[in-house]
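These notes concern the structure reproduced below.
We count ligands from 1, going down the list as the structure has it; atoms in each ligand are counted the same way.
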Amino acid sequence: MSDDTGDVIDELFAVIEDRKANLPEDSYTASLFTHEKGENAVLEKLGEETTELILAAKDDDTDELAHESADIVYHLLVLLSMKDMDVDDLRAELAKRR
Ligand SMILES: N=c1c2ncn([C@@H]3O[C@H](COP(=O)(O)OP(=O)(O)OP(=O)(O)O)[C@@H](O)[C@H]3O)c2ncn1[C@@H]1O[C@H](COP(=O)(O)O)[C@@H](O)[C@H]1O
């Protein structure tokens, strides 16, 4: 795995935290934080995208698998931020299992 992968996840999480703090009007991420049902929308997305990921895996469609994986990671990071967690909490949990 290249170092860029770690950087892009940290960068994305920083953007998500910035959207949460500043709530720009034209931001999809900010809309998830401001909408009354934003958390449910994130949970629904995670469910849908997981199904799509399973179908992509069954079809051996690696492009689609990467696309759905990215959708899941983005919405997972939004969920962690909604719960006032940090991407480092995920990192620590993974590290604990090594
Ligand atoms: N990674 C994402 C990201 N992934 C998905 N989405 C949005 O989430 C919504 C639903 O995504 P889906 O993939 O489910 O879209 P879909 O076309 O309905 O479904 P699929 O066919 O793709 O599965 C769409 O409006 C997407 O634009 C995202 N919106 C933002 N980001 C990141 O967040 C950053 C900030 O975005 P804004 O908050 O919009 O400025 C961006 O620069 C990106 O890095």
Please list, by chain and number, the protein residues whose heavy atoms come under 4.0 Å of ligand 1.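 Ligand 1 is contacted, at a heavy-atom distance under 4.0 Å, by Leu12, Val15, Arg19, Ser27, Tyr28, Thr29, Lys45, Glu49, Glu52, His67, Glu68, Asp71, Tyr74, His75.
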Distance, nearest 0.5 Å, that separates OG1 of Thr29 from CG of Leu12: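 Spacing of OG1 (Thr29) from CG (Leu12) equals 7.5 Å.
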Any donor-acceptor pair under 3.5 Å linking the side chain of Ser69 with the backbone of Leu65?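 Checked: pair present.
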Donor-acceptor pairs are to be reported for all side-chain atoms of residues 44-57 against protein atoms at under 3.5 Å, with residues two or more places apart or in another chain.
{"residue": "Glu49", "atom": "OE1", "partner": "His75", "partner atom": "ND1", "Å": "3.4"}
{"residue": "Glu49", "atom": "OE2", "partner": "His75", "partner atom": "ND1", "Å": "3.4"}
{"residue": "Thr50", "atom": "OG1", "partner": "Leu46", "partner atom": "O", "Å": "2.6"}
{"residue": "Thr51", "atom": "OG1", "partner": "Gly47", "partner atom": "O", "Å": "3.2"}

If you look only at pairs with a residue in residues 53-73, which of them pass as a salt bridge (charged side-chain N to carboxylate O under 4.0 Å, His left out), with sequence neighbours excluded?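 Salt bridge (charged side-chain N to carboxylate O under 4.0 Å, His left out) check on residues 53-73 returns no pairs.
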Output a table of donor-acceptor pairs, distance under 3.5 Å, between side-chain atoms of residues 30-42 and any protein atom two or more places apart or on a different chain; print 'none' if there are none.
{"residue": "Ser31", "atom": "OG", "partner": "Tyr28", "partner atom": "O", "Å": "2.6"}
{"residue": "Thr34", "atom": "OG1", "partner": "Ala30", "partner atom": "O", "Å": "3.2"}
{"residue": "Thr34", "atom": "OG1", "partner": "Ser31", "partner atom": "O", "Å": "3.4"}
{"residue": "His35", "atom": "ND1", "partner": "Lys37", "partner atom": "N", "Å": "2.9"}
{"residue": "Glu39", "atom": "OE1", "partner": "Lys83", "partner atom": "NZ", "Å": "3.2"}
{"residue": "Glu39", "atom": "OE2", "partner": "Lys83", "partner atom": "NZ", "Å": "3.1"}

With clusters defined by side-chain heavy atoms of hydrophobic residues (ILVMFWY) lying less than 4.5 Å apart, directly or transitively, does Met85 cluster with Ile16? yes
